[in-house]
Amino acid sequence: MFEKILIASRGEIALRIHRACHEMGIETVAVHSTADSEAMHVRLADEAVCIGPPNPAESYLNMPAILSAAEITGAEAIHPGYGFLSENARFADIVAEHGITFIGPSAAHIRLMGDKIAAKAEMRRLGIPVVPGSDGPVTNDADARRIADDIGYPVLVKASAGGGGRGMKVATSAANLSAALSTARAEAAASFGNDELYIEKYLAKPRHIELQVLGDSHGDAVHLGERECSLQRRHQKVLEEARSPVLGAAERKQIGDIVVRAMAEFGYLGAGTIEFLYEDGAFFFIEMNTRLQVEHPVTEAITGLDIVREQIRIADGQPLGYAQKDVTFNGHAIECRINAEDPKTFAPSPGRVTDYHPPGGLGVRVDSGLYAGYRVPPHYDSLIAKLIVHGTSRDECLMRLRRSLEEFVIGGIETTIPLHQRLIADPEFIAGDFHVHWLEQAMTNWG
Ligand code: MV4
């Protein structure tokens, strides 16, 4: 097993990775920007190396600085967390070239899944259901017209280098298809330096349901069930739960079996997430994330597995050591993402945290690097804490969330705690009756 791991990330996830390492008897190296010298992930790490100024391009994305930090400290592996370099295939390649283990899948698999057209083609080949659409890039209006006529309007034009909702355009009829294509192509060229596009049938009110998978270097794979991630605002998840309130046992088993077979054949290494749109009882693959995700704790709560420990064990070459039948699901879990933002306008609210009192008690987990006196820097993502509750049922989780949000004190800055309090009081949310556009619509009704 590794004796020392460098954590190439910041904030709550750097802390999360540090905790898994220390439970395993592994020393940690934190890297940080000058804006994060006082951060909890830096304070707790066994060693810390400052790698640059606040601007992420010069610090958390600075490959030479991170590799130098690994070499100077003798770290044998690098965990990239999420964001930053976590899905950068070139970084995974360069880490390996330096004789250091990248804690994640192969660079080839990261590269393949970053190309949304190639990812879809591969998943289709592996037997995973995909959204009907072009089976490759769309290069001209005439081809687009034929494909759209074939699958039926509305259609969605997406960028092959996109993902996460960037650069998508809906065409409701042949009359606005070519405009959608040219707008999407120009935006894709400008945003990604790659203007390749593809077309899909537009699903009007889908849910976002994703499956957590693990694959080892011995050819075995398991899934850890699904997460319901439909509650989003501007393509940012707000609240996630495991499992989805709408799936039945038979369809759950069907999609799980398909995904596990596919991942074993694919030879996927480490933790990954297969994202689906779910509408009218059917799953449609959209993208695969080749990293640890923000919402992984809800899966940990219901399976009892430490996903970061599993990532480290797998990267060390160890077998999973359990089969699908050994993965059991216990109760329900919900995560609220708490951001340093105005809960009404969503304007960022960095600054000094004057008071900090996280909730506790049965079934409550808080992943956060906050402490009283900490200054939330203005340079990074506004996620400052994740509140995760676990209970025997969804109703029990809602009860527990209500009292935990009430107990949570974060003074000195604005946070999205009031948004969560409003959300969990909404009758449609309570009934599990929502889709990916529901939250933005509901918020306009709340006023
Ligand atoms: C779609 C879709 C409807 N139909 N694809 C947005 C993020 C990206 N990962 C995929 N997205 C969507 N793809 C088809 N064919 C609707 C969305 C979408 C969405 C998906 C998941 C979660 C939130 C969303 C919000 C708006 C649109």
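Counting starts at 1 for both ligands and their atoms, following the listed order.
Counting all heavy atoms, side chain and backbone alike, D216 lies closest to L269 at C-CD1, 3.6 Å.
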- Message: Before you tell me yes or no, could you show the steps for Q293 and I13 under side-chain contact (heavy atoms from CB on, under 4.5 Å), namely the whole-Å CA-CA distance, both residues' side-chain angles and the distance that decides it to 0.1 Å?
- Response: CA-CA 9 Å; Q293 293 202 238; I13 200 64; over 6 Å; no
- Item | From CA spacing to verdict: side-chain contact (heavy atoms from CB on, under 4.5 Å), R233, M443 | CA-CA 10 Å; R233 179 187 169 272; M443 281 169 44; 3.8 Å; yes
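Taking the six-membered ring where tryptophan is involved, the planes of Y60 and Y380 are perpendicular, since the angle between them exceeds 60° and thus also 30°.
Counting non-hydrogen atoms of neighbouring residues, nucleotides and ligands closer than 6.0 angstrom, the CZ atom of R145 reaches no more than 12 such neighbours.
Atom numbering of ligand 1 starts at 1 in the shown order; those under 4.0 Å from a heavy atom of Y202 are 3 (C), 4 (N). Listed by number with element, the atoms of ligand 1 under 4.0 Å from a non-hydrogen atom of E200 are 5 (N), 14 (C), 15 (N).
Proximity of K158 to ligand 1, defined as any heavy-atom pair under 4.0 Å, is confined to the side chain (atoms from C-beta onward). Contacts between V131 and ligand 1, counted as non-hydrogen atom pairs separated by less than 4.0 Å, involve the side chain only.
Annotation: atom 21 (C) of ligand 1 to nearest protein heavy atom, H208 ND1, 3.5 Å. Of all protein heavy atoms, the one closest to atom 15 (N) of ligand 1 is K201 O, 2.7 Å. At the top of the distance list for atom 25 (C) of ligand 1, counting protein heavy atoms only, stands H235 CE1, 3.6 Å. Among all non-hydrogen protein atoms, the one lying nearest atom 9 (N) of ligand 1 is E287 OE2, 3.0 Å. Protein heavy atom nearest atom 19 (C) of ligand 1, with residue, atom name and distance: V436 CG2, 3.9 Å. Looking only at protein heavy atoms, the nearest one to atom 7 (C) of ligand 1 is G165 N, 3.2 Å. Ranking the protein heavy atoms by distance from atom 17 (C) of ligand 1 puts M168 CE, 4.1 Å first. Remark: minimum distance from atom 3 (C) of ligand 1 to any protein heavy atom is reached at L203 O, 3.3 Å.
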Please output the side-chain donor-acceptor pairs of residues 153-163 that fall under 3.5 Å, not counting sequence neighbours, one pair per line with the distance.
{"from": "K158", "atom 1": "NZ", "to": "E200", "atom 2": "OE1", "distance (Å)": "2.8"}
{"from": "S160", "atom 1": "OG", "to": "D115", "atom 2": "OD1", "distance (Å)": "2.8"}
{"from": "S160", "atom 1": "OG", "to": "I117", "atom 2": "N", "distance (Å)": "3.3"}

Which donor-acceptor pairs under 3.5 Å do the side chains of residues 417-434 make with protein atoms, sequence neighbours left out?
{"from": "H420", "atom 1": "NE2", "to": "R337", "atom 2": "O", "distance (Å)": "2.7"}
{"from": "D426", "atom 1": "OD1", "to": "E428", "atom 2": "N", "distance (Å)": "2.8"}
{"from": "D426", "atom 1": "OD1", "to": "F429", "atom 2": "N", "distance (Å)": "3.4"}
{"from": "D426", "atom 1": "OD2", "to": "W446", "atom 2": "NE1", "distance (Å)": "3.1"}
{"from": "E428", "atom 1": "OE1", "to": "W438", "atom 2": "NE1", "distance (Å)": "2.8"}

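Looking at K386 and E240, their side chains never come closer than 4.5 Å, going by heavy atoms from C-beta outward.
Considering backbone and side-chain atoms together, L277 places no N or O closer than 3.5 Å to any N or O of ligand 1. For ligand 1, the polar-atom distance check against Q232 finds no nitrogen or oxygen pair separated by under 3.5 Å.
Evaluated for a side-chain hydrogen bond (donor to acceptor under 3.5 Å, both in side chains) with T299, the options Q212, E210, R227 yield exactly one hit, R227.
Within the structure, the closest approach of K237 to ligand 1 does not fall below 4.0 Å when heavy atoms are considered.
Looking at R252 and S244, their side chains never bring a donor and an acceptor atom within 3.5 Å of each other.
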